[in-house]
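See structure below.
Excluded from the calculations below are hydrogen atoms, water molecules and symmetry mates; all remaining heavy atoms, backbone and side chain alike, are included. Being a predicted model, the structure only gives us computed values, none of them experimental.
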Amino acid sequence: MRLRNIPGAKDAITDSIYVVQNPETNRGNWKQVFEKDQPLHIEVGMGKGRFIMDMARLHPDINYVGIEMYDSVLLRALQKMEELAEAGEKLPNVRFMRMDARNLPEVFEKGEVDRIYLNFSDPWPKARHAKRRLPSREFLARYDQILVEDGVVEFKTDNIGLFEFALEEAPEAGWKILQSTFDLHHNDEMMIGNVMTEYEEKFSSQGNPICKYIVCR
């Protein structure tokens, strides 16, 4: 269970140079947030930030924004960034935001985001909470409001029920499934360039298959 009330977390987030404060003020001008004007990828629900930091390190020609809504979780990512900086490693192409993903269209204009990553999202198992699931048609509609014309969404999970739900939602919402697998780590094609999250490493080491899809409009 996530800890949501670490003393001082909110202040640390407010004071951090790695966190974009009042992100809605950058709507339409995200290229000015980074040192270089290059494609923008975002991770919705980034957890402790390992995935997006690894991606930023591997792809310095892409800008990344990690989105997390819980202060205590975002704080862990900030601490990792600070540790890297102290060790002499800087990642100028990654920033964080503390926000609710339902507000994405208020923060990004249409065409500002090239790719969206959803990694091991909360399954919200109760039927009445289906609209809260990040691969739901409601969220896909939000993603469509910010992605470039040929932008894609990549989704990974170990929850087969959530994955089956996602596979049903995408075509119903008018999205095309470009690639999908119920066993990512045994799919040579989809494993090319795969960067594991902390959850992915943990679950796969326990023998749990990882599901993934890539969809576009």
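- Surrounding CD1 of I160 are at most 12 heavy atoms belonging to other residues, nucleotides or ligands under 6.0 Å away.
- Put simply, the side chain of V44 does not reach to within 4.5 Å of the side chain of N119, judged on heavy atoms.
- In this structure, the separation between CD on Q79 and CG on L84 is 12.0 Å, given to the nearest 0.5 Å.
- Using a 4.5 Å cut-off between side-chain heavy atoms of Ile, Leu, Val, Met, Phe, Trp and Tyr, with links allowed through other members, L74 and M53 fall into the same hydrophobic cluster.
- Residues I13 and Y18 fall within the same hydrophobic cluster, defined by Ile, Leu, Val, Met, Phe, Trp and Tyr side chains chained together at heavy-atom separations under 4.5 Å.
- Panel note: side chain W175, backbone V152; no donor-acceptor pair is recorded below 3.5 Å.
- Within the 3.5 Å criterion, the main-chain N or O of M190 finds a donor-acceptor partner in the side chain of N187.
- Classification of E169 and R137 as a salt-bridged pair holds, one side-chain N sitting under 4.0 Å from a carboxylate O.
- Smallest separation of non-hydrogen atoms from V65 and F34: CG2-CZ, 3.8 Å.
- Ion pairing between E200 and K156 holds under the 4.0 Å rule for side-chain N and carboxylate O.
- Summarising the geometry, atom CZ belonging to R133 is positioned 11.0 Å from atom OG1 belonging to T157; distances are rounded to the nearest 0.5 Å.
- Here the side chain of E112 pairs a donor or acceptor atom with the backbone of E109 at under 3.5 angstrom.
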F108 and E24: side-chain contact (heavy atoms from CB on, under 4.5 Å), yes or no, with the steps?
-> CA-CA 7 Å; F108 300 100; E24 64 279 357; over 6 Å; no

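- Relative to the six-membered ring of W124, R132 meets both conditions, a distance below 6.0 Å and an angle of at most 45° to the axis.
- Hydrophobic clustering of Ile, Leu, Val, Met, Phe, Trp and Tyr side chains at less than 4.5 Å, counting indirect connections, keeps I177 apart from I210.
- Here the closest non-hydrogen pair linking V94 and A56 is CB-CB, 4.0 Å.
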Using a 3.5 Å cut-off and no angle test, enumerate the donor-acceptor pairs between side-chain atoms of residues 138-151 and protein atoms at least two apart in sequence or in another chain.
unit_1 : atom_1 : unit_2 : atom_2 : d
E138   : OE1    : S136   : OG     : 3.4
R142   : NE     : R102   : O      : 3.3
Y143   : OH     : L134   : O      : 2.7
D144   : OD2    : R217   : NE     : 3.4

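- In this structure, W30 and V20 have side chains that are in contact, with non-hydrogen atoms separated by less than 4.5 Å.
- The nearest pair of heavy atoms linking L184 to M191 is O-CG, 3.0 Å.
- Taking a 6.0 Å sphere around NE2 of H129, one finds it holds more than 12 heavy atoms contributed by other residues, nucleotides or ligands.
- Taking CG from L78 and OG from S16, the interatomic distance works out to 4.5 Å, rounded to the nearest 0.5 Å.
- K36 places none of its side-chain heavy atoms less than 4.5 Å from the side chain of N93.
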Stepwise salt bridge (Lys or Arg N to Asp or Glu O under 4.0 Å) test for E86 and K80 | CA-CA 10 Å; E86 290 175 1; K80 288 183 180 180; over 6 Å; no

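- In this structure, the side chain of Q38 engages the main chain of P60 through a donor-acceptor pair within 3.5 Å.
- Y213 has its ring centre less than 6.0 Å from the ring centre of F155.
- Taking CG of N194 as the start and NE2 of H185 as the end, the distance is 5.0 Å to the nearest 0.5 Å.
- Counting all heavy atoms, side chain and backbone alike, M99 lies closest to L104 at CE-N, 3.8 Å.
- No donor-acceptor distance shorter than 3.5 angstrom exists from the side chain of N29 to the backbone of Q32, with no hydrogens or angles considered.
- Between I42 and I67 there is a side-chain heavy-atom pair separated by less than 4.5 Å.
- Expressed to the nearest 0.5 Å, how far OH of Y64 lies from NE2 of H41 amounts to 5.5 Å.
- Taking the six-membered ring where tryptophan is involved, the planes of F51 and Y117 are perpendicular, since the angle between them exceeds 60° and thus also 30°.
- Linking ILVMFWY side-chain heavy atoms closer than 4.5 Å, directly or via other members, places L178 and V153 in two distinct hydrophobic clusters.
- Between E43 and R95, none of the side-chain N atoms (NZ, or NE/NH1/NH2) sits under 4.0 Å from a carboxylate O, so this pair counts as no salt bridge.
- Counting non-hydrogen atoms of other residues, nucleotides and ligands closer than 6.0 Å to CG of D61 gives a total above 12.
- Heavy atoms from other residues, nucleotides or ligands lying under 6.0 Å from NZ of K10 number 12 at most.
- Clustering ILVMFWY residues whenever any of their side-chain heavy atoms sit less than 4.5 angstrom apart, transitively, puts M97 in a cluster other than the one holding L75.
- Salt-bridge annotation for E154 and K212: present, with a side-chain N of the basic residue lying under 4.0 Å from a carboxylate O of the acidic one.
- The local environment of NZ in K31 is sparse, with at most 12 non-hydrogen atoms from other residues, nucleotides or ligands closer than 6.0 Å.
- For the pair F163 and D158, the minimum side-chain heavy-atom distance is 4.5 Å or more.
- Enclosure of atom CD in Q206 by more than 12 non-hydrogen atoms of other residues, nucleotides or ligands within 6.0 angstrom is indicated.
- Pairing each heavy atom of S121 with each of L162, the nearest pair is O-CD2, 3.8 Å.
- Of all non-hydrogen atoms in L167 and S180, the two that sit nearest each other are CD2-CB, 4.0 Å.
- Between V73 and M46 the shortest side-chain heavy-atom distance does not fall below 4.5 Å.
- At distances below 3.5 Å, not a single donor-acceptor pair connects side-chain atoms of Q179 with backbone N or O atoms of V215.
- Rounded to the nearest 0.5 Å, atoms CE (M81) and CG (L91) are 5.0 Å apart.
- Side-chain contact check for E68 versus F96: every heavy-atom pair is 4.5 Å or farther apart.
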